Amino acid sequence: MKKDIKSLLPEELREEMRSLNVPGYRADQVFKWLSGGVRSFDEMSNLPAGLRSELDEKFYITSPTVARKQVSAIDGTIKYLWALSDGNCVESVVMSYEHGNTVCVSSEVGCRMGCAFCASTIGGLVRPLEPSEILDQVLFSQMDSGRRISNIVLMGIGEPLDNFDNVIKFLKIVNHPAGMNIGMRHISLSTCGLTEKVDKLGTLHLQLTLSVSLHAPDDETRNKIMPVNKNCGVDRLFETCQRYFNETGRRISFEYAMIDGVNDSDYHAELLARRLRGTGSHVNLIPLNNVEESPLKASPPERIKKFTDILASKGITVTVRRKLGSDIDASCGQLRKKHTNL
Ligand code: SAH
């Protein structure tokens, strides 16, 4: 069985080199080539030919292909559908802002969290992604688009904390100075709120930004749209977020998809403000993206405005997410769904 070489950190590669009786610096050379996006060992031109074929016998290099690429005519947002080596597909979105280019990557093929408004969960979880397969989305988005990626958000298909070890490994690889060297402060991770995993993440003291998909400030509403809430509830989620802040000193940002008649009343806004008062947390309101299979609809603009005003008047910092790539369905698993007809 060949091993996945791109899921290894330089120190692990060094171990592998030792077992091949090859000096340690070769590991750094290999790591550099892999982080530069080579698709075969033959491209590693500063390695002796013998070593290249030895590596080829022992390892494989993941290299996804573009199954589909869409570029928004409105704002240049690019949406990629990648075909993985086993034929499964995941998507990434490249968004360009004044301060640089951000890629939104997937962490799993499908998702088992079951949120009522999300297209990614409709076919359930197929399998977690390997660290290399998450890295490839950053690497090949950058190479194909010609846009240098400076920021990463783990907000594509899947629940990153449900694939904890692989996601952490990916973060270490993409952050490594000898690799893509993307700073933790330029990385955001979004979770539906798996509390035990949030605690575990806190102990790692990473400088990334944690976003929690809240979508409702009370159990009654949250239970209806997010099955994960039935395991722990909003009180415990907020306690966990407070603990995370105490542990890491990093403020959490809350995502809140505005769903017409479900979570967008004045009552919800007031309760949300009460619960967040004094925490310094930031709320990011997202007008719901319509998902064909779901009867849930986006709140009207006036409702979003009123909700925003209530939060702001109570001292909560709130932004409404700008919609990028709306002409290419650049959100929430829609492209993969259309492609695979799940
Ligand atoms: N599983 C993670 C990350 C993936 S989803 C999480 O739950 O955070 C990224 C964000 O998009 C989450 O906040 C999710 O709740 C939100 N989202 C999913 N479907 C959406 C939709 N149809 N409209 C708006 N936001 C949606």
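As the structure lists them, so they are numbered: ligands from 1, and atoms in each ligand from 1. Side chains are part of it too, since the values below use all heavy atoms of this structure and drop only hydrogens, waters and symmetry mates. Source: prediction; values computed, not measured.
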Going by the atom numbers of ligand 1, which of them fall below 4.0 Å from some non-hydrogen atom of [X]?
X	answer
V291	22 (N)
N289	21 (C), 22 (N), 23 (N), 24 (C)
E159	1 (N), 2 (C), 6 (C), 7 (O)
C192	6 (C), 7 (O), 8 (O)
C118	18 (C), 19 (N)

### Query
Should V228 and I286 be regarded as members of a common hydrophobic cluster, given that ILVMFWY residues are connected when their side-chain heavy atoms come within less than 4.5 Å of each other, either directly or indirectly?
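Result: no, two separate clusters.
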### Co-membership, hydrophobic cluster, residues Y60 and F41, 4.5 Å side-chain
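Y60 and F41: separate clusters.
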So, [X] and [Y], do they make that salt bridge, N to O below 4.0 Å?
X	Y	answer
R52	E43	no
R18	E15	yes
K6	E130	no
K79	E91	yes

### Query
Is any N or O atom of G156, backbone or side chain, closer than 3.5 Å to an N or O atom of ligand 1?
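G156 vs ligand 1: no N/O contact under 3.5 Å.
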### Query
So is there a nitrogen or oxygen of G158 less than 3.5 Å from a nitrogen or oxygen in ligand 1?
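Yes.
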### Task
Give the single entry among A298, S294, S213 that approaches atom 8 (O) of ligand 1 most closely by any heavy atom.
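Going through A298, S294, S213 one by one, S213 has the nearest heavy atom to atom 8 (O) of ligand 1.
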### Nearest option to atom 15 (O) of ligand 1, as decided by whichever heavy atom of E255, H215, M258 sits closest
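Nearest heavy atom to atom 15 (O) of ligand 1 lies in H215.
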### Task
Using a 4.0 Å heavy-atom threshold (strictly under), name the region of N290 that reaches ligand 1: side chain, backbone, both or neither.
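Within the 4.0 Å criterion, N290 makes no contact with ligand 1.
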### Mode of L288 contact toward ligand 1 - side chain, backbone, both, neither (heavy atoms, under 4.0 Å)
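Answer for L288: both.
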### Query
Do you know which two heavy atoms are closest between D219 and G233, and how far apart they sit?
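For D219 versus G233, the nearest heavy atoms are OD1-CA, 3.3 Å.
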### Message
For S120, state whether at least one heavy atom is located under 4.0 Å from any atom of ligand 1.
### Response
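No, that is not the case, since the closest heavy atom of the residue is not under 4.0 Å from the ligand.
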### Task
State whether F254 and R275 meet the cation-pi test: NZ (Lys) or CZ (Arg) under 6.0 Å from the six-membered ring centroid, and within 45° of the perpendicular axis.
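Not satisfied by the 6.0 Å and 45° rule.
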